[in-house]
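Chain identifiers are assigned alphabetically (A, B, ...) following the order of the sequence lines, protein sequences preceding nucleic acid strands; residue numbering begins at 1 within each chain.
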Amino acid sequence: MDDQYRPDQIEPAAQAWWGAHHTFRALDDDTREKFYCLCMFPYPSGKLHMGHVRNYTIGDVISRFHRMQGRNVLQPMGWDAFGLPAENAAMANGVPPAKWTRDNIAYMRAQLQKLGFGLDWERELATCDPAYYRWNQWFFLRMRERGIAYKKTGVVNWDPVDQTVLANEQVVDGRGWRTGALVERREIPMYYLNITRYADELIEGLEGLDGWPERVRTMQANWIGRSEGVEIRFPHADGKLGVFTTRADTLMGATWVAVAAEHPLAQRAAADDPKVAAFIDECGRGGTTEAELATQEKKGVPTRLTVEHPLTGAALPVWVANYVLMAYGEGAVMAVPAHDQRDFEFARKYGLPIRTVVRAGDGAPLDPDTMEEAFLTKDGVLCNSGKYDGLAFPAAVAAIASDLEAKDCGVLRVQYRLRDWGISRQRYWGCPIPVVHCAACGEVPVPDDQLPVLLPEDLVPDGAGNPLARCKEFVEVACPQCGADARRETDTMDTFVDSSWYFLRFASFGNDAAMVDERAAYWLPVDQYIGGIEHAILHLLYSRFWVRVMRDAGLVPHDEPFRNLLTQGMVLNNIYSRRDDAGRVRYFNPAEVTITRNDRGEVASATADEDGKPVQWDGMGTMSKSKNNGVDPNDMVARYGADTARLFMLFTSPPEQSLEWSDAGIEGAARFLRRVWKMTATHVAAGPVPALDAAALDEAARTLRRRTHETIAKVSDDIGRRYTFNTAIAAVMELLNEMSQFDTSGAQGRAVEREALEAVVLLLAPMVPHACHALWQALGHEGTVADAAWPSVDETALVRDTIELVVQVNGKLRGQVSVASDADRAEIERAALAEPGVQRFLEGVQVRKVIVVPGRLVNVVAG
RNA sequence: GCCGGGAUGGCGGAACUGGUAGACGCGCCGGACUCAAAAUCCGGUUCUGGCGACAGAGUGCGAGUUCGAUUCUCGCUCCCGGCACCA
């Protein structure tokens with residue numbers, strides 16, 4: 001073998017070998033134990049960045065590890081190919097999104113192949129392929145039949161200059177990013193999927209997902225946000241105003257009600273009250289995001305309307321308030337300023353009355369005039385509440401709910417924070433919604449035999465509305481029911497639809513007669529799903545929902561799509577931007593910016609290389625196309641090879657942790673691989689190796705052999721259970737350090753070295769597959785190391801005669817003792833107390849207690 | 001604002017179940033090899049004091065529990081992810 005490590009030669013050779021032997025083609029063989037390992041598929045933004053490299057390397061390590069454990073592994077790859085960036089690119093360059101997207105896919109596929117990932121490319125899919133998205137349409141129609149898909153109005157960002165709907169990302173500081181115009185909120189009709197029907201099941205399902213990170217399960221549970229409470233109806237002149245509350249016990253303290261600006265009562269109040277109308281108008285400005293709504297100053301206006309308190313009959317004023325969300329509950333709240341902090345602040349601000357109705361069990365009610373914050377506890381008892389006085393929370397809620405129910409003014413109810421999933425997008429580059437609008441027949445579903453509704457691929461968006469709506473060939477269609485002239489729906493689907501079931505399609509690839517087939521039953525659920533923590537809620541929740549709907553339609557047997565989940569931390573990089581006078585934003589890649597740092601190491605100033613003018617540092621953020629802060633792996637791969645890039649990415653931090661990008665340390669990864677290579681070359685050049693006789697080892701050989709098997713155990717656990725690839729690599733590095741100290745001239749020296757070397761190659765194989773492929777063959781093995789069996793631990797090699805224990809005095813390290821590994825407590829204690837370093841600290845003091853932690857330490861408590 | 005997570009040497013990180021803080025690597029310092037450089041190899045490297053043996057301090061900040069806390073509890077600060085039309 002070459003005694004130089006040459007990744008530029010061995011990497012293409014290994015890849016060619018795997019290609020020629022179809023090593024990573026997954027066979028649908030249901031007699032074998034399967035392992036479906038899936039990384040979240042990428043958006044084809046143009047080129048890979050280090051976040052992708054990290055994600056796909058982790059997936060590849062896990063795939064190859066399970067493959068070496070003998071499992072039938074499926075690791076597919078595809079493209080989340082619809083979406084906004086393609087339209088933005090089209091506006092910038094005039095290239096149709098279809099061409100831009102397919103060019104990007106070709107480029108990024110080549111990048112993935114260069115990195116040597118063991119992917120089954122025969123199953124590749126792109127969500128913009130009609131063969132894929134036709135099933136979105138087909139299943140949308142099934143959902144529509146089952147009442148899961150339905151139509152209602154929803155709020156969007158409206159750019160009044162471009163006359164177009166903007167994504168949240170396209171609204172910067174309340175202005176459209178292209179036009180700089182102040183954005184307005186608009187209500188338009190949209191299709192929704194009834195995910196709230198599954199809310200309880202989606203919460204309950206989390207319990208069984210013990211292969212998911214606890215934090216993700218918590219986030220999903222909080223997102224769904226189940227709360228039990230009472231819907232209270234306040235009678236008024238034309239009906240009843242419904243509000244939902246979890247604190248019905250405080251009903252007697254309600255002093256007004258507040259409704260959202262979009263609420264029908266607000267609209268009615270505005271009709272003859274210009275102040276209310278002006279306020280509603282004001283609420284209609286700015287963005288639609290919850291973050292924006294939650295951080296704005298809480299404001300409101302009174303209306304001339306009142307509602308009747310359902311228990312006392314008192315008239316309560318109706319306010320319109322900007323903090324009441326139409327999307328949550330009934331779009332109205334009862335205000336109990338004494339016992340809700342937001343209401344309290346609102347009352348102080350507008351001089352509204354405060355009425356205390358809960359007191360601490362052993363205290364007096366707070367004085368409304370002097371209290372400084374709301375009294376929030378549920379552990380008190382009611383006061384100033386007439387017949388309910390003295391009741392504690394649960395009894396008070398029950399009594400009040402029951403009285404309300406008797407008056408038809410309230411009912412116990414469960415409310416979710418989760419809202420139904422709006423899937424309509426007023427955009428071109430997405431999956432067409434298969435519906436036709438007919439003057440006579442109304443909304444008509446496209447018949448199954450006319451699917452897919454093909455998206456024309458030659459349009460070029462210009463930022464002013466959806467070009468699909470201006471495309472006659474697409475829009476003009478005969479009504480499927482009556483044949484009259486009709487119009488196609490021009491909204492397309494949210495791209496989360498595409499990603500909610502792609503993992504099923506990989507398992508049913510090539511079937512053009514059905515969305516999924518029996519192969520999905522074999523491969524699913526995904527045994528290991530790997531992707532960024534940014535998808536902890538939406539993508540993962542939508543997928544869990546979608547699969548349940550497919551289950552209920554009889555298409556798959558599974559409840560949950562992903563058995564184990566590994567959420568990768570974000571790879572961060574600096575973000576630099578510049579805003580022009582109109583408020584438009586442009587991002588600069590960190591590679592094209594020159595910075596100075598202050599004495600704390602933070603970015604103090606930054607200028608663009610192209611013009612030397614200042615740019616703004618926006619802190620650190622996820623590498624992404626939109627922030628233009630990605631680092632392309634090409635340079636690193638060209639300079640060091642794919643194996644070094646992979647090794648470095650794995651070694652630099654554990655996968656769940658977010659990572660501020662830096663290539664410092666890449667040299668260490670390269671150096672390590674060169675050492676492994678050189679050691680193997682030297683070993684092989686020294687000729688044949690005798691068979692290992694474990695009984696004939698000298699002390700040094702026995703130690704190295706023990707270290708070899710300790711390393712096998714450690715790496716198996718780190719990869720298989722802990723996913724800490726950094727510590728797995730560190731363990732192999734330690735073994736290699738020991739090997740380079742080891743003298744092979746003893747009787748069994750070469751044999752023990754051979755065993756250690758083979759272990760190193762096998763243990764590294766999932767992480768640096770090309771080098772190990774070559775090394776494995778150099779060590780005299782046939783085939784590829786990717787097909788070799790994972791090494792097993794020889795328990796007899798792990799046995800030790802003596803162990804080292806640390807001795808502390810009062811918790812401080814004072815010495816070390818070596819004891820027989822089967823020494824009992826008394827022996828250990830005696831040895832510890834006899835240790836000279838320990839004795840020094842025991843002079844003149846009394847030993848009060850000796851704590852022995854077996855195998856670890858002794859702590860002498862003295863004083 | 002709300003939900004979730006994070007913070008350890010000059011840097012990335014390790015310490016898995018409350019038990020030796022700093023494994024492994026980078027960088028740096030010194031040495032070997034070399035005409036020289038690169039590469040490679042050897043040694044050192046948390047901070048403070050000390051020639052040294054050694055001692056003291058130390059895991060974002062402030063409290064607490066414990067024989068013992070990076071790890072558990074409470075209160076903060078800063079950073080990251082998500083907040084429903086970026087994907």
Side-chain angles (χ1 to χ4, degrees), chain A residues 40 42-43 45 80 83-85 88 154 156-157 165-171 213-216 218-219 221-223 225 288-296 298 323 327 342 417-427 494-496 499 532-539 541-542 567 569-570 572 601 619-622 624-627 648 651-654 656-660 662 664-669 671-672 674-675 678 717-718 721-722 724 726-727 729-734 737 740 804-808 810-813 816 848-851 853 855-862:
Chain A
M40 291 180 188
Y43 178 80
S45 56
D80 190 12
L84 202 53
N88 295 334
V156 294
N157 303 303
V165 175
L166 297 179
N168 287 334
E169 188 188 53
Q170 297 174 310
V171 180
E214 195 58 49
R215 59 170 162 162
V216 175
T218 305
M219 280 191 262
N222 291 342
W223 181 263
T288 56
T289 68
E290 187 185 299
E292 212 161 339
L293 298 174
T295 49
Q296 68 189 353
K298 286 161 191 58
Y323 63 82
R342 191 176 56 187
R417 207 187 75 92
L418 180 68
R419 310 199 293 259
D420 276 346
W421 173 14
I423 59 158
S424 295
R425 297 292 179 269
Q426 297 68 44
R427 269 185 247 303
D494 180 7
T495 56
F496 276 125
S499 56
I533 184 65
E534 84 256 38
H535 294 296
I537 296 173
L538 294 180
H539 161 59
L541 191 63
Y542 290 151
T567 45
M570 300 287 88
L572 312 175
M620 288 289 210
T622 308
S624 70
K625 174 91 180 167
S626 62
K627 295 289 194 294
F648 172 63
F651 184 59
T652 198
S653 76
E656 305 226 71
Q657 201 161 301
S658 61
L659 170 65
E660 294 185 6
S662 158
I666 180 77
E667 285 292 347
R671 200 169 292 152
F672 173 66
R674 283 196 295 267
R675 285 182 68 202
K678 192 141 194 189
D717 188 48
D718 283 353
R721 178 182 64 91
R722 296 213 304 151
T724 52
N726 55 330
T727 54
I729 293 163
V732 179
M733 286 175 166
E734 283 185 76
N737 289 342
S740 49
E804 305 289 317
L805 289 183
V806 159
V807 187
Q808 299 179 332
N810 291 330
K812 290 197 178 195
L813 178 63
Q816 265 200 348
R848 299 189 187 281
K849 192 154 62 156
V850 179
I851 291 155
V853 183
R856 289 206 181 262
L857 60 57
V858 180
N859 187 17
V860 182
V861 184

Closer to the 5' end of RNA chain B via nearest nucleotide, is it A:T652 or A:K812? A:T652
For the pair made of CZ in A:R215 and P in B:C80, what is the distance, rounded to whole Å? 16 Å
Length of the line joining A:F672:CZ and B:U40:C1', which is rounded to integer Å: 17 Å
Please give the distance between the P atoms of B:C61 and B:G10 as a whole number of Å. 13 Å
Expressed in angstrom and rounded to an integer, what is the separation of A:R419 atom CZ from B:G82 atom P? 17 Å
Rounded at 0.5 Å granularity, tell me how far CH2 in A:W223 sits from CZ in A:R417. 5.0 Å
Describe the nucleic acid contact of A:E534 in one word from base, sugar-phosphate, nothing, applying a heavy-atom distance below 4.0 Å. base
Look only at the side chain of A:Q170 and the backbone of A:A167, and say whether a donor-acceptor pair between them is shorter than 3.5 Å. yes
Does the side chain of A:R848 come under 3.5 Å of the side chain of A:N810 through a donor N or O and an acceptor N or O? no
Is the glycosidic angle of B:G44 within 90° of 0, making it syn, or outside that range, making it anti? anti
Rounded to whole Å, how long is the line connecting atom CG of A:L538 with atom P of B:C83? 6 Å
Once hydrogens and angles are ignored, does a donor-acceptor distance under 3.5 Å link the base of B:C3 to the side chain of A:N222? no
Under 4.0 angstrom, heavy atoms only, what part of the nucleic acid is A:W223 near: base, sugar-phosphate, or nothing? base
Under 3.5 Å, is there an N or O donor on one side and an acceptor on the other linking the side chain of A:R721 and the base of B:C16? yes
Quick check: does any side chain N or O of A:N157 sit under 3.5 Å from a backbone N or O of A:L166, one acting as donor and the other as acceptor? yes
When you get a sec, tell me which of B:A14, B:A84, B:U20 is the closest nucleotide to the side chain of A:R417? B:A84
Please state whether the phosphate of B:G13, meaning OP1 or OP2, lies under 4.0 angstrom from any side-chain nitrogen or oxygen of A:Q657. yes
